[in-house]
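Structure first, commentary second.
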Amino acid sequence: MTMCRGSCQGAGRPDMTPVYPTAGSYPDFARLVDRDTAQVDRRVFSDEAVYQAELRQIFARAWLFLAHESQIPGPGDFIRTSMGEDDVIVVRQRDGSVKALLNSCPHRGNRVCMVDAGSKARGFICNYHGWSFGLDGGLRGTDGKVYEKDESFEKAQIGLTPVAQVASYKGLIFGTFDPEAPSLEEFLGDFTFYLDIMLDNEEGGTEFIGGAIRSEIDCNWKFPAENFVGDILHAFWTHQSGAQAILGGGVDLGKRYDELAFQASVYGHGIESNLDKVGNTRTLGYPELVDYMFDLSERAKARLGEVRARAIGAVSSATVFPNMSFLPGQNTFRVWHPRGPGKIELVSWTIVNKNAPERIKDLYRKGVMMTFSPGGVFEMDDGENWEYSTRVNQGFVTRQQPLHYALGLGSEDLERDLPGIVHKGSMNDANQRLFYTRWAEFMEHDNWADLQNGATAAPARPKAAAE
Amino acid sequence: MIELCNSTDVVEGEILRRDVEGFPAVALTRHEGQIFVFPDTCPHAEESLSEGWVEDGRVVCGVHFAEFELGSGEVHNRPAGCPNLTFFTCEDRDGKVFARLKEEA
Ligand code: FES
Ligand code: FES
Ligand SMILES: [Fe+2]
C-alpha cells in the first residue's frame with residue numbers, strides 16, 4: 001500500500017478489516033525435537049527466529065487461557081491480559097457473553113486500556129486522540145467537530161480487533177486468534193477428563209480469589225510449562241528443603257506409588273499424579289486443609305469416580321498446552337506469558353471451589369501465597385533453576401550440547417483404563433517428550449487437520465471406559 | 001414554541017432524536033414522568049447525545065462519558081474543556097411536545 005502524495009482525491013478508502021495472520025511451516029524448527037532419541041535441541045530455548053516462529057505458529061493459533069468467569073462477573077467488568085505478546089482486553093458484554101479485544105487503537109496503535117482490571121466499564125477511550133470504543137470494541141465516536149465533516153470517514157468499519165474465537169470450559173475462558181481453529185473442546189480433547197479433577201469436583205464449580213500476582217522470571221516460557229506438564233522428579237531435589245521445613249520430612253511419593261502413579265497426555269496437554277489423595281494439599285502446611293481434602297475426595301467419588309477423586313489433592317501437576325498450568329490440591333493456577341526467548345511474565349491466581357467454606361478459601365489464599373508466590377517457598381526454588389537452564393545457552397558452545405529427555409522410555413501403559421497417552425509412574429519424562437512433540441507439530445503444520453491427527457492425539461478408546 | 005413529536009413517543013429512560021427544519025438536531029428523554037429537551041450535539045466534541053443513555057438522572061454521552069444533569073445541564077465526569085449542557089424550555093400540550101429552541105447562531 002502506498003500513501004498518496006499531493007492530492008488525495010480519488011484515493012482508495014482505508015481497509016480497516018481485522019487481520020488474522022495465517023500459519024506457515026517450519027520443518028527445520030520441528031526437527032529440533034527428535035522423538036527417536038528423546039532429545040530437544042537447546043536452540044528452542046534461545047533462538048530469536050524460533051521464538052518468532054512460536055508467536056506465529058503457536059500463540060497466534062492455539063486456544064490460550066484468558067480469564068476465569070469469576071473475574072468478570074458483570075457487564076463492563078474486564079481484565080487485561082496477553083495472548084503471546086499481544087495485549088488483550090477481556091470484557092463481559094451487556095448480554096452476558098464475553099469478548100476479547102486487541103488492546104491497540106486502530107488509529108495510531110496506542111494501547112487503549114492501561115489498567116490491569118476494572119468493573120462496570122462503559123467503554124474504552126484512547127488517550128492519544130480520544131477515539132472511543134464500546135464494550136464490543138466498535139468505534140463509538142471520535143471528535144464530531146472534525147470527523148463528522150470528513151466524508152470518507154466510515155465509523156462503522158472501525159474498531160478494536162476482536163480475538164477470533166472466545167469460549168469457556170467450566171469457568172475457564174479461552175481465546176484463539178485463528179478463525180479456523182477447531183472448537184475449544186476439540187483442542188482440549190480428552191484432557192477435559194483431567195481438567196475436571198480441578199474444575200468440577202463439587203457442585204458450583206470454581207472461582208479465583210484474592211487477585212493476581214505478577215512477576216517476571218528470566219527464563220524461556222517452555223521451562224515452567226514442561227515442569228508442570230510432568231516433572232515431579234525435581235520436587236525431590238529442588239523442593240526438598242522447603243518441603244522439610246513445612247512437612248517436617250521430604251516430599252512423599254505415597255504408599256501405592258508403583259501401582260497408582262501415572263502420567264497422561266493429550267495434544268501436549270499433560271498431567272502427572274500419584275493419586276495419593278492429599279500430598280499436594282499437605283505442602284501448604286495447614287492440617288485443616290488436609291482434613292477438608294480427605295472429606296472432599298470422599299464426596300467427589302460419586303461425581304468423578306474413584307481414580308479422579310484420589311487426584312484432587314494428590315502430588316500432581318498439569319499444563320494445558322502451551323502455557324497454562326495448575327497444581328491440583330495446592331490450588332495455584334498460572335499462565336507463563338512469553339516475553340522474548342529469555343523472559344516470561346508469570347501471572348498466578350488461587351483457585352478454590354465456589355462452595356468451599358470461607359475459612360477454607362482463606363487458608364488456601366494464605367497457603368498459596370506462602371508457597372507459590374514470588375516470595376513463596378517453592379516458587380523461589382523453581383525460578384532460579386529455570387533462569388540458569390535458559391541463560392547458559394548464551395554460550396555458543398554450550399548451546400550445541402545435547403539434552404536428556406529420556407526418562408521412562410518404553411514405560412507406556414496400554415492397559416490402564418485412562419484417557420490419553422498414559423505412562424507408568426509420575427517420575428517420567430514422557431509428558432515432557434509429548435509436550436515438545438506437540439510443539440514440533442505446531443512448527444511443522446500449517447493446518448488443523450494435521451495438527452489434530454498427529455502423534456500427540458489420544459488413542460481412541462471406548463467411551464464409557466474412563467469411569 | 002415548536003412542535004417536536006407526540007409525547008407518547010418519549011419513553012422513560014430512552015433518548016429520542018428529532019431533526020427540525022432550521023435548527024440543529026434535538027434530543028428528548030423522559031425521567032420520572034417528566035419530559036426533557038436538549039441539543040443532540042454534545043458540547044464536548046459534538047458527538048450525538050442520542051447515541052448515549054440516561055443513568056441516575058443524567059444524560060451520559062456515549063463517546064467520552066460526559067454526564068449532564070437533567071434540567072440544570074451541569075456537567076460531571078467532565079472531559080477537559082467541556083461546558084454545561086443547555087436544556088430547552090418545553091411543554092406537553094394535549095399529547096404533543098413543544099419546545100423553545102434557540103435560533104441558530
Ligand atoms: S491513537 Fe488512539 S486515538 Fe489516535
Ligand atoms: S463528545 Fe460527548 S463527551 Fe466527548
Ligand atoms: Fe517446582
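Small disclaimer: the values here were computed from a predicted structure and weren't measured. Order of the sequence lines fixes the chain letters, A, B, ..., with proteins taken first and strands second; residue numbering starts at 1 for each chain.
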Are more than 12 heavy atoms from other residues, nucleotides or ligands located less than 6.0 Å from atom NZ of A:Lys149?
yes

Main-chain N/O of B:Val63 paired with A:Arg140 side-chain donor or acceptor, under 3.5 Å
no

Mind checking whether A:Lys145 and B:His44 have side chains closer than 4.5 Å, heavy atoms only?
no

Minimum side-chain heavy-atom gap B:Glu47-A:Tyr147 below 4.5 Å:
no

Would you say CD of B:Glu55 has more than 12 non-hydrogen atoms from neighbouring residues, nucleotides or ligands within 6.0 angstrom?
yes

Whether over 12 other heavy atoms sit under 6.0 Å from B:Arg93 CZ
yes

Got a second to check how far A:Glu148's CD is from B:Thr41's OG1, nearest 0.5 Å?
9.0 Å

Does B:His64 reach the main-chain N or O of A:Ser132 with its side chain, forming a donor-acceptor pair under 3.5 Å?
no

Salt bridge between B:Glu51 and A:Lys155, side-chain N to carboxylate O under 4.0 Å?
yes

For B:Asp56, I'd like to know if atom CG has over 12 heavy atoms of other residues, nucleotides or ligands within 6.0 Å.
no

